[in-house]
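Please find one structure pasted underneath; my questions will follow.
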Amino acid sequence: MSIAMRLSVSVFILFAAQVIGKGQSPTVSEPAIKQVWIHHTDSTWKDTRLINTETTKTPLAHVMIFRITHRFGDVLEGGGFQTLFGFDAATDINLSFEYGITNNLEVGIGRSSQEGLVDGMVKYKLLSQNSTSMPVSLALYEDAGITPELNSMFYAYATSYTPQVSDRLSYFTQLILDRRFSSHISLEVFAGLSHRNYVLGNVNPKNGAVDESNIPVIGAGGSIKLTKHSGIVFDYYYIISAFRTGNTFPYSNPLSIGYEIETGGHVFEINFSNASFINENNIIPNTNDSWSQGGFKLGFSISRTFNL
């Protein structure tokens, strides 16, 4: 088991112990933490992210969010009891920081273990739902990533070609529209565009389509609260790509479902997804596991809010 995986599992266990011991007396600093989080629970979403996609939520000004996200191996396909239903393997681990510049503008940075992707993001909330004049919220999200090495998974060059640093860049742009329909139900729809500066010239043998640098996506997500502090979350990407339609090498649309709980300045989430990756720059072009074939994975995330 890798050091990163051990760290993530240790945090998972420590957090579970904290939830179990929630009934103990609060510490001196706990009221200040709750003061920040009470504001967040009044909004449409508990976190800035669902499972594999963003929400319209941004941190308040001068508030930082630290998030650990971990995705294990396949529960059934190539897994089962032999790999403890995927616990023996990690398909991706992501560490990220987000910071509120203003109440509507945030920036962030993250790093994924899969392919060593390092990314920076910015999100701006254009509209905020209210009870009088605005029925929806709207946010624009942009992410740019770079892989540290030219590896065989994404790159294959002729011997006469000199690889460029720009070849390793990828981008994702997303427009998110959501509405809180009641105290229990919130839904969002989104449209986005994934761009990779360099792609292999692979061809779909069934329709002759060549892999695209630009891949449009649409999707939806939502939250169904079961209690004031917990609920079911889900998200889905529909990937628009002729190369990925009916390809001999299968590609799938990412579908994820999870359970989240908020406690003492944390949002903890446990989920299942057929996406091996965590960052959108990798999720959209490279998801090829299927729920119907048992290719879904257990994952979890822990986000912690700090009032700076």
Side-chain angles (χ1 to χ4, degrees), residues 8-9 11-27 29-60 63-72 75 96 98 100 103 125 128-131 135-137 139 176-190 219-236 255-273 278 296-307:
S8 297
V9 173
V11 172
F12 179 94
I13 294 171
L14 288 172
F15 183 82
Q18 179 182 346
V19 172
I20 293 171
K22 186 182 175 184
Q24 297 178 356
S25 299
T27 63
S29 61
E30 187 173 346
I33 295 174
K34 285 187 175 180
Q35 185 176 5
V36 174
W37 204 250
I38 286 172
H39 177 92
H40 285 192
T41 58
D42 291 336
S43 63
T44 303
W45 310 100
K46 293 187 179 300
D47 205 348
T48 60
R49 193 169 174 88
L50 280 174
I51 303 173
N52 288 328
T53 191
E54 297 291 319
T55 67
T56 60
K57 183 181 179 71
T58 56
L60 296 178
V63 169
M64 185 182 74
I65 296 176
F66 172 57
R67 181 180 292 105
I68 299 174
T69 308
H70 193 119
R71 189 148 294 152
F72 294 97
V75 173
S96 64
E98 301 174 28
N103 289 349
K125 193 169 186 178
S128 296
Q129 180 181 347
N130 59 57
S131 58
V136 297
S137 295
I176 311 159
L177 178 74
D178 72 27
R179 175 173 170 80
R180 184 180 184 183
F181 289 91
S182 70
S183 60
H184 294 283
I185 298 177
S186 299
L187 297 174
E188 72 173 29
V189 293
F190 55 83
S223 169
I224 303 172
K225 288 186 179 179
L226 303 179
T227 69
K228 183 178 180 180
H229 299 288
S230 66
I232 302 297
V233 291
F234 63 91
D235 57 42
Y236 174 76
L255 171 64
S256 309
I257 185 168
Y259 173 77
E260 68 176 6
I261 181 169
E262 167 206 358
T263 175
H266 299 77
V267 175
F268 172 72
E269 179 184 283
I270 186 168
N271 55 65
F272 290 94
S273 176
I278 293 170
F296 55 93
K297 305 112 175 54
L298 174 68
F300 71 86
S301 68
I302 302 169
S303 64
R304 178 69 166 93
T305 299
F306 298 90
N307 188 2

Q.
Rounded to the nearest 0.5 Å, what separates atom CD in Glu98 from atom NZ in Lys57?
A. 10.5 Å
Q. Quick one: CZ on Phe272 to CG on Leu298, what's the gap to the nearest 0.5 Å?
A. 5.0 Å
Q: Over all heavy atoms of both residues, which pair between Leu50 and Glu269 is shortest? Give the atoms and the distance, please.
A: O-OE1, 3.0 Å
Q.
I'd like to check Met64 versus Pro59 (side-chain heavy atoms, cut-off strictly below 4.5 Å). Are they in contact?
A.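 Not in contact.
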Q.
Within this structure, what is the CZ-OG distance for the pair Arg67 and Ser96, rounded to the nearest 0.5 Å?
A.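 So the CZ of Arg67 and the OG of Ser96 are separated by 5.0 Å.
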**Q.** Exercise: do Asp235 and Thr53 side chains pair donor with acceptor under 3.5 Å
**A.**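 No, because no side-chain N or O of Asp235 sits under 3.5 Å from a partner of the opposite role on Thr53.
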Q) Does the side chain of Glu262 come within less than 4.5 Å of Thr305's, by heavy atoms? A) no
(Q) How close do Lys228 and Lys46 get, counting heavy atoms only, and between which atoms? (A) O-NZ, 2.9 Å
(Q) Please give me the minimum heavy-atom distance between Lys125 and Thr56, naming the atom from each residue. (A)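 In terms of heavy atoms, the two residues are closest at CD-O, 3.4 Å.
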Q) Which pair of heavy atoms, one from Phe190 and one from Tyr236, lies closest together, and at what distance? A) CZ-O, 3.4 Å
Q | Residue pair Ile278 / Arg49: nearest heavy atoms and the distance that separates them | A | O-NH2, 2.9 Å
**Q.** Shortest non-hydrogen contact between Phe268 and Ile302, atoms and distance
**A.** CD1-CG1, 3.6 Å
Q | Pair Phe296-Leu255, side chain to side chain contact (heavy atoms under 4.5 Å, CB included): steps then yes or no | A | CA-CA 9 Å; Phe296 55 93; Leu255 171 64; over 6 Å; no
Q) Would you say Arg71 and Asn271 make side-chain contact, with heavy atoms under 4.5 Å? A)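 Yes, close enough: below the 4.5 Å cut-off.
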Q | Point-to-point distance, once rounded to the nearest 0.5 Å, from CG of Leu187 to OG1 of Thr44 | A | 10.5 Å
Q: Measure the spacing between NZ of Lys225 and CD1 of Ile232 and express it to the nearest 0.5 Å.
A: 13.5 Å
Q) Is a side-chain donor-acceptor pair under 3.5 Å present for Ser301 with Thr69? A)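 No pair is found: no donor N or O on one side chain lies under 3.5 Å from an acceptor on the other.
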Q) CG/Asn52 to OG/Ser273 distance, rounded to the nearest 0.5 angstrom? A)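 The CG atom of Asn52 sits 4.5 Å away from the OG atom of Ser273.
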Q.
Donor-acceptor pair, distance only, cut-off 3.5 Å: does the side chain of Thr55 make one with the backbone of Thr48?
A. yes
